Amino acid sequence: MDVYGLLGNPVEHSLSPPMHEAAYAELGIDARYVTFEPDADAGARAVESAATLGIAGLNVTIPFKQQVLEAVDPTPLAERIGAVNTVDFSTSPPTGYNTDAAGVVRSFTHHGVELTGEAVVVGAGGAGRAVAFALADEGLTVHIANRTEAKAHDLAAAVAASHPAGESGAQGHGLDALSALVPEADLLVNATSVGMEEDRSPVPADALHADIAVLDAVYSPIETRLLADAAAAGATTIDGAWMLLFQGVEAFERWTGRDAPVDEMNEALRTRV
Ligand code: ATR
């Protein structure tokens, strides 16, 4: 039996165990998915211990996504983002992936959204970094708006530096730029915690429009204020459970080399969010 798991602190409310176990059940894979909650500074040691114990794969969440970098061989994308959310122990040292990036891309493509034009990313923390690199790698022009504007500029510079000039662009802004940026944008992602367990949106409602696709990384509540405003404006809306689903789908596929049973994983998730 293979053991997979989630490394986080806290992890008790994670939806990853039922999502991955639904995939094992569907494909007849003899595996379990469990949660691990080491001390908040013990991410790298936990990965080394997991290798010793023969664990097959780990997902990694707050506060360990940066810490585990030192215990893995990161992919170039994970290295650029500066965070690992999936560890594959079939190599030595283990390989560190960032599947949040592919999760964003697959959330849009699953909904028939074309990845072209201008994107606005709200947030420049861990989630914002993955989203910004993912969309820039798809060739979109990326505008990053963050409460702490300097972090948006730093992230934009890092994104721009990793792309050949002219292929794509990235710019940093404060949140006050959203009312001018969003009306021109084709895609919008909320990568802040604004809207989590609160009826508040980081984006002015009157800037939203029918020709934009809006993804909210927040999935509690499942319909955030931002998504309600976007739906009212006629926009395409994609809730945060899709991003959670597709980062997990991508992790499953890296670990097993098989196509994930997306519908079954989605159902396991949807009945619990
Ligand atoms: P994560 O890994 O989930 O991205 P994080 O790295 O702590 O978490 O980043 C949180 C993001 O939400 C940041 O962009 C943060 O803005 P700051 O960089 O200015 O801190 C943003 N954020 C959190 N609370 C916010 C609020 N009340 N208003 C606007 N942005 C907020």
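Predicted, not measured: the structure shown is a model, and the values here were computed from it. Every number for a ligand or one of its atoms is a count from 1 in the order of the listing.
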Asks: Look at atom 17 (P) of ligand 1 and find which of T148, I144, L155, D100 reaches it with the closest heavy atom.
Replies: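 Nearest heavy atom to atom 17 (P) of ligand 1 lies in T148.
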
Asks: Yes or no: does M196 have any heavy atom under 4.0 Å from an atom of ligand 1?
Replies: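 No, that is not the case, since the closest heavy atom of the residue is not under 4.0 Å from the ligand.
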
Asks: Within the structure provided, determine whether H20 and Y4 are in side-chain contact (heavy-atom separation under 4.5 Å).
Replies: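 No. Closest side-chain heavy atoms not under 4.5 Å.
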
Asks: Are any non-hydrogen protein atoms located under 4.0 Å from atom 6 (O) of ligand 1?
Replies: yes

Asks: Look up atom CZ in F108 and atom CG in L215, then write down how far apart they are to the nearest 0.5 Å.
Replies: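 These two atoms lie 4.5 Å from each other.
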
Asks: To the nearest 0.5 angstrom, please state how far the CG atom of D186 sits from the NE2 atom of H209.
Replies: 7.5 Å

Asks: Under the 3.5 angstrom rule, does the side chain of N146 hit a backbone N or O of A124 as a donor-acceptor pair?
Replies: yes

Asks: Tell me, which protein residue and heavy-atom name are nearest atom 28 (N) of ligand 1, and how many Å apart are they?
Replies: V194 CG2, 3.4 Å

Asks: Counting only heavy atoms, tell me which of A130, A124, G128, G126 gets closest to atom 8 (O) of ligand 1.
Replies: G126

Asks: When you compare the side chains of T99 and N85, does any donor N or O come within less than 3.5 Å of an acceptor on the partner?
Replies: yes

Asks: Hey, does A127 come in under 3.5 Å of ligand 1, counting only N/O atoms on both sides?
Replies: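 A127 vs ligand 1: N/O contact under 3.5 Å present.
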
Asks: List every atom of ligand 1 that sits less than 4.0 Å from any heavy atom of S193, numbering the atoms from 1 in the order shown and giving each element.
Replies: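 This gives 12 (O), 23 (C), 24 (N) as the contact atoms.
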
Asks: Which option out of P63, G125, A217 puts a heavy atom nearest to atom 9 (O) of ligand 1?
Replies: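 Going through P63, G125, A217 one by one, G125 has the nearest heavy atom to atom 9 (O) of ligand 1.
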
Asks: Within ligand 1, which atoms have a heavy atom of G123 less than 4.0 Å away?
Replies: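 Listed by number with element: 14 (O).
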
Asks: With respect to atom 30 (N) of ligand 1, which of R200, R147, K151 exhibits the smallest heavy-atom separation?
Replies: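 Looking at heavy atoms only, R147 sits closest to atom 30 (N) of ligand 1.
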
Asks: Does CD in E267 sit with more than 12 non-hydrogen atoms of other residues, nucleotides or ligands closer than 6.0 Å?
Replies: no

Asks: Pick whichever of T192, I62, V121, N190 has a heavy atom sitting closest to atom 11 (C) of ligand 1.
Replies: T192

Asks: Does N98 use its side chain to pair, donor to acceptor, with the backbone of A83 at less than 3.5 Å?
Replies: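 Indeed, once roles are kept as given, a pair shorter than 3.5 Å links the two residues.
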
Asks: How long is the span from the CD1 atom in I222 to the CG atom in D239, to the nearest 0.5 Å?
Replies: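 That separation rounds to 3.5 Å.
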
Asks: Atom 16 (O) of ligand 1: which protein heavy atom is closest, and how many Å away?
Replies: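 Closest protein heavy atom to atom 16 (O) of ligand 1: N146 OD1, 3.3 Å.
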
